[in-house]
Amino acid sequence: MIKYNPQKIEKKWQKEWEKKKLYQAKDKVKGKKNFYHLTMFPYPSGDLHMGHWYNYAPSDVYARFKRMQGLNVMSPIGFDAFGLPAENAAINRNLDPKIWTYSNIKSMKKQLDSIGVSFDWSREVITAEPDYYKWTQWIFLKLYEVGLAKKEKVLANWCPHCKTILANEQVQDGRCERCDTVVEQKLLEQWFFKITDYAQKLLDGLEKIDWPETTKILQRNWIGRSEGAQIEFRIENSEYRIKVFTTRPDTIFGATFMVLAPEHELVKKITKDAQLGQVNNYLEKTKKKTELERIAEVKEKTGVFTGAYAFNPATKEKIPIWISDFVLPHYGTGAIMAVPAYDERDLEFAEKFGLPVRKIDLDDKILSELEKRGLAERKTSYRLHDWIISRQRYWGAPIPMIYCQKCGIIPVREKDLPVLLPKIKDYKPSGTGESPLAEVKDWVNVKCWKCSGPARRETDTMDTFVDSAWYFLRYADPKNKKEFVSKEKLKDWLPVDIYIGGQEHATKHLLYARFITKVLYNYGYLNFNEPFVKMRHQGLILGPDGNKMSKSRGNVIDPDEIVKKFGSDSVRMYLCFMGPYENGGLWDPKAIVGVFRFLNRVWNLINSKFQNFKTQNKELDKIFNKAMKKIGEDIENLRFNTAVSELMKLLNEIENKELAKDQIKIFLKLLAPFAPHLTEELWREVLKNKKSIHLEKWPEYDSKLIEEETIYLIVQINGRTRDIIKVPRDLNESRVRELALSSEKIKKYTAGKEIIKFIYISNKLANIVL
RNA sequence: GCCGAGAUGGCGAAAUUGGCAACCGCAACUGAUUCAAAAUCAGUCGUCCGCAAGGACUUGAGGGUUCGACUCCCUCUCUCGGCACCA
């Protein structure tokens, strides 16, 4: 008998499938429903690691299963090609980011193919292609048109290493999520998308989508809705008013002072001359603080008095106005009424600066009273920030705007898209707050299309997350030159039926994609307002030592090496088998031999049994039916680990029995989504089938064969199992009682005792209470 | 501090409406095969007592509900993830 040689058969079938275009999805197939199966596209880092495998292999099992179930499955793939990491890596190697990115794409494609994933490469989307980013720019223009894209001077997170502004979502613990450098606050004119306008819609939409509850909670917390009131405070000897947001208007009688954020616009207007020096001093100091320093100083409150006073609208009392950086400029109104008796932070501040703390009775009615007097209104605040999309970097889609000396800021006309990213000599970020594109004079200087006068292009590029916020739409119609996607193709494929990817994108990509979808829906470009009907996450694969795999730790497992040793089918299947998909887990280098042995046994079984198929065996049919039911249900629910376990059990049970050809076929079909190469080889070469096993129908179980006529009934005494008796299905209680009590084992316990209660759970268990 | 997830043999884990805890696999051990090793095959494998039959105990800790709890409720411990001066 020939030995199982995965390397040989895997390459062979991968080529064959490609040649036959087995996984290319047609937009319409008669009698088949379309199913859009999407796995997050990779960013072309150069190497495919185990994490990619864990994302794509089990996800592919699901796609293959759906295809066998008779759905017209589209499983597209592409590359998230623009962005900081690629650019940084290229600069480190002294390479053109484009050359670096595209050579990575080339090698990653090969590696992706080695997984044996049923991707439809004909729909490949690369976000750095002009054909693609033309439409990213178009989306920008649409947002600009309706006032959702704006440019303003804002204090934003500046990474001094990457030399660019970052969105709030890309800063973690005060550090750049890419390079871990401490982020500074910099005042720059930035383009941003007003995602805050959609805060409520983003919140509401969560109710109707099938996503992991934990991810919804992450998004809800990130959006951070809180209800309260905005209350106006009059300032002594001034026409200015201070508006504050509070969730506790009922505590207003205890408000003994006010605090403004240093950035608050009224600070300069109300500060008294005597305090001007100390206030300016304080403003200077806060400006220099990094986000990290602010976090570190949480415990120690700082602040200065402005010299001005306001009137508490409830008590009419005169209260001092202070400035402190514990009040955040971008939340609420950037000003608070301080109620030290009810708020820990206000208390700390009061104690440090000797301000009064007054305990009072809470007053539920004060808000409506203030409303009547026109001093308050009910309001909802969100923690969500607007999405800053300007990047002072080269490797991204240029923002399609022009600055004309006469006409001001004007958008590039749609017919002039795409604004091509020019070739450039020096990619390095300048660090001046301007993109290196600013140096490309013949690109920057343009004629204004309105007045033909001299104008300059916007030199910032867009955040990569803009590219990935809509890529799933393009797969439906990747070559369309006239539209980002045609109405017809949208109808064929969207929204995405299932989306599989990591949870780390919960408050970034997954939020942005929902936002862009909602905007496009709102303005009539889409007919659905949630992009991903169903979302599931894969867990994280850790190194054998339990740490995140990293080169510096030396715990990186190279998938290519494992594939060389065991074959891709084994790696696929082991990844499925190692535990619940959403948990991830440690890569145990020894454990993979378990599935490798299993596949060898399958190989040997089918090669040896081929000669002497016998007629069917009823008992075996039952065993098959149970397995068919369980495996199908498990894959449907992405419980790949128990599905593999069931396949192993099935093999254990059938291995030494006479098998009919139909039963062997069923077994191979059940295994096909997991081990596509091995099953194809056996299907075609041993069973001599003409067509691919991957075009076969998923075997449906016969429910009549699932229920046994005789069942094993557990007999317990006081909740402890004492015997198991064989009885006919659906036996009535009195007969069961009779049988149970006549068992020798049970008699031992019941002898001379009174039966207090007899509990019977049909077809499962009887419990005798003594 | 707030929000969330989790804790089951030496290890990964199973136990989808409360009903035989530990399926399936890894590792380990015993045996067969082999000159030998690998591979393969047959078996043992939660802990304790016992030659065995059998019995007792066991799902992070403690309590509760129930005929019956890994599963439900309360209290606590630890681990991981997210947010974090959000008024």
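Labels below follow one simple rule: chain letters A, B, ... track the order of the sequence lines, proteins then strands, and each chain is numbered from 1.
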Margin query: Can you work out whether A:Val595 or A:Arg601 has the more 5'-proximal nearest nucleotide on RNA chain B?
Written below: A:Val595
Notebook entry, point to check: CG of A:Asn767 versus P of B:rG18: gap in Å, rounded?
Noted result: 17 Å
Next item on the list: May I have the distance from A:Lys630 (atom NZ) to B:rC23 (atom P), rounded to whole angstrom?
Entry: 14 Å
Note to self: Given B:rG25, B:rC23, B:rA87, identify the nucleotide with an atom nearest to the side chain of A:Met648.
What the structure shows: B:rG25
Note to self: Closer than 3.5 angstrom, by distance alone: can the side chain of A:Ser324 be matched with the main-chain N or O of A:Thr302 as a donor-acceptor pair?
What the structure shows: yes
Item checked: Nucleotide B:rU79, atom P - distance to CG of A:Asn547 in whole Å -> 16 Å
Check: Among B:rA87, B:rC26, B:rA14, which is the nearest nucleotide to the side chain of A:Asp588?
Finding: B:rC26
Check: Side chain of A:Arg722: nearest nucleotide among B:rA56, B:rG25, B:rA84?
Finding: B:rA56
Notebook entry, point to check: Is there a side-chain polar atom (N or O) of A:Arg720 under 4.0 Å from OP1 or OP2 of B:rC57?
Noted result: yes
Item checked: Rounded distance in Å - NZ (A:Lys508) to P (B:rC83) -> 8 Å
Next item on the list: Could you check whether A:Ile724 gets within reach of a base, just the sugar-phosphate, or nothing at all, counting any heavy atom under 4.0 Å?
Entry: base
Next item on the list: For B:rA27, take OP1 and OP2 only and decide whether either is under 4.0 Å from a side-chain N or O of A:Arg597.
Entry: yes
Notebook entry, point to check: Does A:Ser226 place a side-chain N or O at less than 4.0 Å from the phosphate oxygens OP1/OP2 of B:rA87?
Noted result: yes
Next item on the list: Using the closest heavy atom to pick a nucleotide of RNA chain B for each, name whichever of A:Lys764 or A:Tyr331 lands nearer the 5' end.
Entry: A:Lys764
Margin query: Once hydrogens and angles are ignored, does a donor-acceptor distance under 3.5 Å link the base of B:rG19 to the side chain of A:Gln716?
Written below: yes
Next item on the list: Just name whichever nucleotide pairs with B:rG4, Watson-Crick or G-U, keeping both distances under 3.5 Å, else none.
Entry: B:rC80
Next item on the list: Report yes if a side-chain nitrogen or oxygen of A:Asn763 is closer than 4.0 Å to either non-bridging phosphate oxygen (OP1 or OP2) of B:rG19; otherwise report no.
Entry: no
Notebook entry, point to check: Expressed in whole Å, how much space separates the C1' atoms belonging to B:rA61 and B:rC70?
Noted result: 15 Å
Checklist line | B:rA28: pairing nucleotide in any strand, Watson-Crick or G-U under 3.5 angstrom | finding: B:rU44
Notebook entry, point to check: A:Thr246 side chain: which of B:rA87, B:rC85, B:rC23 is closest?
Noted result: B:rA87
Next item on the list: From the options B:rC26, B:rC24, B:rC67, select the nucleotide whose nearest atom is closest to the side chain of A:Phe577.
Entry: B:rC24
Margin query: What's the gap between B:rC23 and B:rG9 when it is taken at their P atoms, as a whole Å value?
Written below: 13 Å
Item checked: Salt-bridge present (A:Glu213, A:Arg220; N to O < 4.0 Å) -> yes
Checklist line | Of the listed nucleotides B:rA14, B:rC24, B:rG19, the one nearest the side chain of A:Ile759 | finding: B:rG19
Check: If pairing requires Watson-Crick or G-U wobble contacts with both distances under 3.5 Å, which nucleotide is the partner of B:rA87?
Finding: none
Item checked: Options B:rC26, B:rG19, B:rG82, nucleotide nearest the side-chain atoms of A:Leu765 -> B:rG19
Check: P atom, B:rA14 versus B:rC72: distance in rounded Å?
Finding: 16 Å
Next item on the list: Look at the rings of A:Phe566 and A:Phe596 and say which category their plane angle falls in: under 30° parallel, 30 to 60° tilted, over 60° perpendicular.
Entry: perpendicular
Next item on the list: Among the candidates B:rC24, B:rG82, B:rG19, find the nucleotide nearest to the side-chain atoms of A:Leu218.
Entry: B:rG82
Next item on the list: Decide, for B:rG9, between syn and anti: a glycosidic angle within 90° of 0 counts as syn, anything else as anti.
Entry: syn
Item checked: Base partner of B:rC23, which must satisfy Watson-Crick or wobble distances under 3.5 Å -> none
Next item on the list: Find the distance A:Phe596:CZ to B:rC24:P and express it as a whole number of Å.
Entry: 22 Å
Check: Reckon A:Tyr382 touches a base, only the sugar-phosphate, or nothing at all at heavy-atom distances under 4.0 Å?
Finding: nothing
Item checked: A:Lys301 NZ/CZ over A:Phe349 ring centroid, <6.0 Å and within 45° of normal -> no
Item checked: Interatomic distance at C1', B:rC41 relative to B:rU34, whole Å -> 13 Å
Checklist line | Any A:Lys757 side-chain N or O less than 4.0 Å from OP1/OP2 of B:rC67 | finding: yes
Item checked: Nearest-angstrom distance from the residue atom CD of A:Glu582 to P of B:rA5 -> 13 Å
Check: Relative to each other, are the rings of A:Phe640 and A:Phe674 parallel, tilted or perpendicular (30° and 60° limits)?
Finding: perpendicular
Next item on the list: Have a look at A:Ile217 and say if it touches a base, only the backbone sugar-phosphate, or nothing, with a 4.0 Å heavy-atom cut-off.
Entry: sugar-phosphate
Checklist line | Side-chain donor/acceptor of A:Lys590 to base of B:rC11, under 3.5 Å | finding: no
Margin query: So A:Asp346, base contact, sugar-phosphate only, or nothing? Heavy-atom distance under 4.0 Å.
Written below: nothing
Item checked: Spacing between A:Asn641 atom CG and B:rC26 atom C1', to the nearest angstrom -> 15 Å
Item checked: B:rU59 - base-pair partner by Watson-Crick or wobble geometry, distances under 3.5 Å -> none
Checklist line | Row check, A:Tyr712 ring normal vs A:Lys764 NZ/CZ: under 6.0 Å, within 45° | finding: no
Checklist line | Length of the line joining A:Arg220:CZ and B:rA5:P, which is rounded to integer Å | finding: 12 Å
Next item on the list: Mind telling me whether A:Phe245 and A:Tyr331 have parallel, tilted or perpendicular rings, with 30° and 60° as the class edges?
Entry: perpendicular
Notebook entry, point to check: Under 4.0 angstrom, heavy atoms only, what part of the nucleic acid is A:Arg225 near: base, sugar-phosphate, or nothing?
Noted result: nothing
Next item on the list: Could you measure between the two C1' atoms, the one in B:rU8 and the one in B:rU58, and give it in whole Å?
Entry: 10 Å
Next item on the list: Determine the contact category for A:Ile714: base if any of its heavy atoms lies under 4.0 Å from a base atom, sugar-phosphate if only primed atoms, P, OP1 or OP2 are that close, otherwise nothing.
Entry: base
Next item on the list: In whole angstrom, give me the gap between the C1' atoms of B:rG43 and B:rA36.
Entry: 23 Å
Notebook entry, point to check: Which listed nucleotide (B:rA84, B:rG19, B:rA87) is nearest to the side chain of A:Trp222?
Noted result: B:rA84
Check: Should the ring pair A:Phe515 and A:Tyr198 be called parallel, tilted or perpendicular, given that the plane angle runs from 0 to 90° and is split at 30 and 60?
Finding: perpendicular
Notebook entry, point to check: Under 4.0 angstrom, heavy atoms only, what part of the nucleic acid is A:Glu646 near: base, sugar-phosphate, or nothing?
Noted result: nothing
Item checked: Pairwise P distance for B:rA21 and B:rG55, with rounding to whole Å -> 13 Å
Note to self: Under 3.5 Å for both donor-acceptor distances, Watson-Crick or wobble: does B:rA15 have a partner, and if so which one?
What the structure shows: none
Item checked: Exam field: side chain A:Glu655 to backbone A:Leu605, donor-acceptor pair closer than 3.5 Å -> no
Check: Mind checking the P distance from B:rA69 to B:rG62? Whole angstroms is fine.
Finding: 15 Å
Check: What nucleotide, of B:rG82, B:rG25, B:rA87, holds the atom closest to the side chain of A:Phe245?
Finding: B:rA87
Notebook entry, point to check: Taking the six-membered ring for Trp, are A:His509 and A:His505 parallel (under 30°), tilted (30 to 60°) or perpendicular (over 60°)?
Noted result: perpendicular
